[in-house]
2 protein chains.
Amino acid sequence: MNYVDINEVPAFSTSLPMQLYRALDAIMPEYRNLFYKYDLTEQQWRILRVLWTENNITVARLSKITLLPAPSLVGILDRLIKKNLLVRNRSEKDRRQVQISLTTKGQELQQLVAPSVLAIHSRLKARLSNEEWQSLERLLQKFSV
Amino acid sequence: MNYVDINEVPAFSTSLPMQLYRALDAIMPEYRNLFYKYDLTEQQWRILRVLWTENNITVARLSKITLLPAPSLVGILDRLIKKNLLVRNRSEKDRRQVQISLTTKGQELQQLVAPSVLAIHSRLKARLSNEEWQSLERLLQKFSV
DNA sequence: TCGACATAATTCATATATGAACTATATTAA
DNA sequence: TTAATATAGTTCATATATGAATTATGTCGA
């Protein structure tokens with residue numbers, strides 16, 4: 001009567017969510033330690049990282065690319081603006097939209113942080129072969145469609 | 001002078017953290033919708049899920065298995081206790097430790113939620129072949145050592 | 001052109017994450 | 001045995017996540 005056969009239940013730790021969380025739990029502290037040196041949180045860095053490539057974009061697009069929920073973005077952007085790293089500008093074409101742009105200070109931060117982030121990335125990259133990376137990316141994409 | 005060659009910088013969206021976040025972002029809402037029906041958050045469910053398999057464990061062990069930070073656990077456990085799903089008991093052997101145990105109500109909840117969680121898991125499982133699952137698990141483990 | 005509906009951003013209430021500090025208890029070395 | 005140190009759990013301050021509601025603006029069809 002709806003009872004679950006424990007033998008058919010995957011062990012908690014081998015469930016897909018927990019495997020993904022465990023990987024993140026292992027790799028993110030190193031990133032966060034780095035961001036901390038520049039007085040940035042992980043989420044703040046994500047926003048800057050996107051703007052460095054694609055400046056002057058709407059909040060909605062920023063939310064989509066960074067995966068940061070819109071309500072969270074409000075506060076995160078507030079704090080980045082307070083640090084004089086970026087600015088809000090209401091769009092002229094569509095008054096509902098708000099464009100986010102880097103300040104000079106926000107742009108300059110890239111040169112400071114990016115090299116170390118790249119170094120972390122390189123060390124991660126070295127843990128798998130090219131074939132393994134392609135395989136991992138392909139498999140992960142099967143869920144994020 | 002420390003400038004980053006943009007061609008060597010992996011696109012933000014293809015970085016390992018973002019690929020992992022994107023997979024989670026895609027699969028977790030379905031779980032959360034389910035938990036919501038039973039007035040549970042994702043984190044609250046994680047704790048119950050562990051206790052259903054291994055009851056009466058310390059907060060430290062619960063933190064380790066669920067990956068929930070100890071400071072967060074305090075409040076999460078408070079709310080589960082308030083809902084009469086589990087109890088705290090200070091350990092006799094080591095007075096520093098606190099043992100967490102399910103109440104009858106907490107135990108009974110398993111029969112209600114677990115089948116639907118298993119159903120979600122089965123649908124996820126169907127997206128990959130057995131070989132692909134093994135491959136994915138092996139690759140993810142390379143980071144969570 | 002007006003009213004129904006849609007969209008972008010924000011606000012709100014509540015829950016959780018993060019890192020530092022703290023309390024109580026346990027352990028260890030001199 | 002006692003002082004130094006370690007550990008388990010908690011508290012604190014701040015930042016972020018989640019889902020619902022709200023405000024301002026746009027769009028579309030009768």
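To find a chain, count down the sequence lines: A is the first, B the second, and so on, and within it residues start at 1. As the structure is a prediction and not an experimental result, all values here were calculated from the model.
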Length of the NZ-C1' vector between A:Lys93 and D:dT27, whole Å: 18 Å

Please lay out, stage by stage, how A:Ser91 and A:Arg95 fare under the test side chain to side chain donor-acceptor pair (under 3.5 Å). CA-CA 5 Å; A:Ser91 172; A:Arg95 299 291 298 161; over 6 Å; no

Any A:Arg88 side-chain nitrogen or oxygen under 4.0 Å from OP1 or OP2 of C:dT10: yes

State the CD-CG distance between B:Glu42 and B:Leu34, to the nearest 0.5 angstrom. 11.5 Å

For atom CZ of A:Arg90 and atom C1' of D:dA24, their distance in whole Å: 8 Å

Contact class for A:Ala60 vs. all strands (heavy atom < 4.0 Å): base, sugar-phosphate, or nothing? sugar-phosphate

Per nearest nucleotide of DNA chain C, the residue lying toward the 5' end, A:Asp25 or B:Asp94, is A:Asp25

Out of D:dG9, C:dT18, C:dA8, which has the shortest distance to the side chain of A:Arg32? C:dT18

Whole angstrom value for the distance that separates C1' of D:dA8 from CG of B:Asn89: 16 Å

Geometric cation-pi criterion, A:Arg46 with B:Tyr21: 6.0 Å, 45°: yes

May I ask you to say what B:Val74 touches in the nucleic acid, namely base, sugar-phosphate or nothing, with a heavy-atom cut-off under 4.0 Å? base

If you compare every side-chain N and O of B:Gln97 against the phosphate oxygens of C:dA26 (OP1, OP2), does one of them come in below 4.0 Å? no

When you get a sec, tell me which of D:dA17, D:dT11, C:dC12 is the closest nucleotide to the side chain of A:Pro71? C:dC12

For B:Leu62 and D:dA8, what is the distance between atoms CG and C1' respectively, to the nearest whole Å? 13 Å

What is the separation between atom CG on B:Asp39 and atom P on D:dT18, rounded to the nearest whole Å? 17 Å

Using whole Å, what does the distance between atom P of nucleotide C:dT16 and atom CG of B:Leu73 come to? 10 Å

Think A:Arg95 has a side-chain N or O under 4.0 angstrom from the OP1 or OP2 of D:dG26? no

Would you mind reading off the distance between A:Met28 atom CE and D:dT16 atom P, rounded to a whole angstrom? 13 Å

Rounding to a whole Å, what distance do you find between B:Leu77:CG and C:dT16:C1'? 13 Å

The residue, A:Thr41 or A:Glu92, whose nearest nucleotide of DNA chain D is more 5′ is A:Thr41

Does some side-chain heavy atom of A:Leu16 sit less than 4.5 Å from a side-chain heavy atom of B:Trp133? yes

Just to be sure I understand the rule, does B:Ser91 reach a base, reach only the sugar-phosphate, or reach nothing, if contact means heavy atoms closer than 4.0 Å? nothing

Nearest to the side chain of B:Pro69, heavy atoms from C-beta on, is which of D:dT18, C:dT18, C:dA8? C:dT18

Looking at A:Gln44, does any N or O in its side chain come under 4.0 Å of the phosphate oxygens OP1/OP2 on D:dT16? yes

When you match B:Ile76 and A:Asn33 each to their closest nucleotide on DNA chain C, which lands nearer the 5' end? B:Ile76

Below the 4.0 Å mark, does C:dA6 have OP1 or OP2 next to a side-chain nitrogen or oxygen of A:Arg96? no

Per B:Leu68 side chain, nearest of listed nucleotides C:dA17, D:dA17, C:dT10: C:dA17

Verify the contact: side-chain N or O of B:Gln43 to OP1 or OP2 of D:dT18, cut-off strictly under 4.0 Å; return yes or no. no

Partner set under ring pair (Phe, Tyr, Trp, His ring centres under 6.0 Å) for B:Tyr31, not counting sequence neighbours: none

Any idea which of D:dT16, D:dT10, C:dA9 is nearest the A:Arg79 side chain? D:dT16

Heavy-atom donor-acceptor pair, A:Lys83 side chain to A:Asp39 backbone, under 3.5 Å: yes

